[in-house]
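One structure below.
For the numbers below, each heavy atom of this structure counts, side chains included, while hydrogens, waters and symmetry mates do not. These figures come from a predicted structure and were not determined experimentally. The sequence lines fix the lettering, A, B, ..., with proteins before strands; numbering per chain opens at 1.
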2 protein chains.
Amino acid sequence: MSLDTERDRFIEDNGLLFERLGVTRMSGRILGYLMVTDKEKVSFSEMTEALQASKSSISTNLKMLLQIGFVKPLTIPGERKTYYMLSPEMDWKAYFSERLEMIGIMNNMFKKGLTLRSSTKDNAAQWLREASEFYDFIIEEFPAMLKRWEEKSKTT
Amino acid sequence: MSLDTERDRFIEDNGLLFERLGVTRMSGRILGYLMVTDKEKVSFSEMTEALQASKSSISTNLKMLLQIGFVKPLTIPGERKTYYMLSPEMDWKAYFSERLEMIGIMNNMFKKGLTLRSSTKDNAAQWLREASEFYDFIIEEFPAMLKRWEEKSKTT
DNA sequence: CGTTTTGTTCAGTCTTGACCGAACCAAAAA
DNA sequence: TTTTTGGTTCGGTCAAGACTGAACAAAACG
C-alpha cells in the first residue's frame, strides 16, 4: 500500500471515529490531516484542496477545532493567510474537565428525578440514589486524577 | 405546575439529554419514565401508552437499555407479559469501563498517526505523543479509580 | 385447532443536520 | 479606486437514521 493512500485511509478513519463520537466527520478529517501531513503548517486553501471539501465546511469545522483548542492559528508577518497547526499548547486536562460537565448534567437528572418521586424507598429511588452516588464519586475523584497528571507531566 | 406535567417535562428532558449524548431520544424517554413513575414495574404496553410511541420504537430502544444493563426484565408466573424496571443490579463500574473503550480507540488513532509520520520530532509528532501519553495515563488510572469506588460502596 | 395477547421485524416516511455553492465582506495590493 | 485574496455566511440539497405502521411470529388461552 502506498504511503499516501495509507494516510488518506487514516484521515477517513478519523472522520468516521469523530462521527461515532458525535462530532462531524469533516472535523475528524481536518484533525486527521493535521496529524499525518508533513507540512509543519497548513493553510485554509490547502485543506480544501487536500480534503476535497467546500470552503464553508472547512470554515465551520476548523472554527470548531480552534474553539476546542485542538488547533492553533499561525500568522506570518507579510502574509495574508492564516496557517493552522495542531496546537502545541493543547491542554488535555482542561479538555477533559469540560467533557466532565456532561457527567454533571447527567447527575443532575438523577437528583432531579429523585425529587419527583413519591417514594424515596422503592427500587427506582434506590437506583437513582446509587447512580447519583457513583457520579458524585467520579466528579469528586476526577480532578485529583487530573492533578496527578499535572504532577507527572511537569517532571518531563 | 402539576406534578404530572413536571414529570412529563423530566421525561422529555431526559430524551433530549440522551440525544445530546448520541443515543436515541426514545431510549432517554423510556429511562426517564422508569425514573419517575410510581409503578414498581412497567409493562411494554404501558410504555407505548405513557410515551405515546410506536411498539417498534419501544421494542428497539428497550432492547438497547436491557443490553446496556440499565433496565431489567421481570416476569411473573401465570402472567404472559414481561415487566420492566430499573435494574437493581446496575453495575456502574462495568458501564464506565465499557465507555472507556472509546478512549482506547482514540488513543490507538494517536499511536497509528505517529507511525504514519515521516518525522518523529516535529510539532505534529510531539502533539501526538503528548496526546497518547495523556490517554495512556487515563486508561491506566481509571481502573484504580473504579476499584476505589468498589471499596467505598462495599462498606455501605 | 382458532383466537387473543405480546412482542419483533421490516419497509417506508419524515426530520435533522452536515455539506455544498454562491453571494458576500474585509483587507491588502495594485 | 478597482481588483484580488482569504475567508465567512446563508439558502438549499442530500443522506442518515429515528420513528411509524403493518405484516408477521410465538405462545398461551378457549
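Of the residues near DNA chain C, G78(A) and K63(B), the one whose nearest nucleotide (by heavy atom distance) lies more toward the 5' end is K63(B). DNA chain D is contacted by both R29(B) and E79(B); R29(B) maps to the nucleotide lying nearer its 5′ end (nearest heavy atom per residue). Nearest-nucleotide assignment on DNA chain C puts the 5′-proximal partner with S43(B), out of V23(A) and S43(B).
Comparing dC19(C), dT8(D), dG7(C) by their nearest atom to the side chain of K55(B) picks out dG7(C). Each of dC19(C), dT20(D), dG7(C) was ranked by its minimum atom distance to the side chain of F44(B); first place goes to dG7(C). For S54(B), counting side-chain heavy atoms from C-beta on, the closest listed nucleotide (dC19(D), dC19(C), dT9(C)) is dC19(D).
One can place CD of Q52(A) at 14 Å from C1' of dC19(C), the figure rounded to the nearest angstrom. Per the geometry, CG belonging to L62(B) stands 10 Å off C1' belonging to dG7(C), to the nearest Å. If you take NZ of K81(B) and P of dC29(D), they are 13 Å apart, rounded to a whole angstrom. In this structure, the CE atom of M26(B) is 11 Å from the P atom of dG21(D), given to the nearest Å. If you take CD of E19(B) and P of dG17(C), they are 7 Å apart, rounded to a whole angstrom. The interatomic distance linking L74(B) (CG) with dG7(C) (P) rounds to 12 Å, in whole Å. For L16(B) and dA18(D), the CG to C1' distance is 14 Å, given to the nearest whole Å. If you take CD1 of I76(B) and P of dT5(C), they are 18 Å apart, rounded to a whole angstrom.
With T37(B) contributing its side chain and L34(B) its backbone, the two residues share no donor-acceptor pair below 3.5 Å. Formation of a donor-acceptor pair under 3.5 Å by the S27(B) side chain with backbone atoms of T24(B) is found in this model. At distances below 3.5 Å, at least one donor-acceptor pair connects side-chain atoms of S153(A) with backbone N or O atoms of W149(A).
Here S57(B) lies in heavy-atom contact (under 4.0 Å) with a base. In this structure, T82(B) reaches the sugar-phosphate backbone alone: every heavy-atom distance under 4.0 Å involves primed, P, OP1 or OP2 atoms, never a base. Across all strands, S56(B) comes closer than 4.0 Å to base atoms (heavy-atom distances). T60(B) comes within 4.0 angstrom of no nucleic acid atom, judged by non-hydrogen atoms across all strands.
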Q. Can you list the steps and then say if D122(A) with R117(A) is a salt bridge (Lys or Arg N to Asp or Glu O under 4.0 Å)?
A. CA-CA 10 Å; D122(A) 59 8; R117(A) 298 195 56 73; 2.5 Å; yes

(Q) Would Y84(A) and F70(A) count as a ring pair (Phe, Tyr, Trp, His ring centres under 6.0 Å) here? Give the steps. (A) CA-CA 10 Å; Y84(A) 302 94; F70(A) 280 75; over 10 Å; no

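Looking at heavy atoms from C-beta onward, R29(A) lies in side-chain contact with R25(A) at the 4.5 angstrom threshold. Between V23(B) and M64(B), the closest side-chain pair of non-hydrogen atoms falls below 4.5 Å. Residues E79(B) and L74(B) form no side-chain contact, since every pair of their non-hydrogen atoms from C-beta on lies 4.5 Å or further apart.
Proximity of N61(B) to the phosphate of dC19(D): a side-chain N or O atom is located under 4.0 Å from OP1 or OP2.
The base of dT6(C) is not paired with the side chain of R80(B) by any donor and acceptor separated by under 3.5 Å.
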Q) In dot-bracket form, how is DNA chain C paired, counting a Watson-Crick or G-U wobble pair only if both its distances are under 3.5 Å and using | for bases paired to another strand? A) ||||||||||||||||||||||||||||||

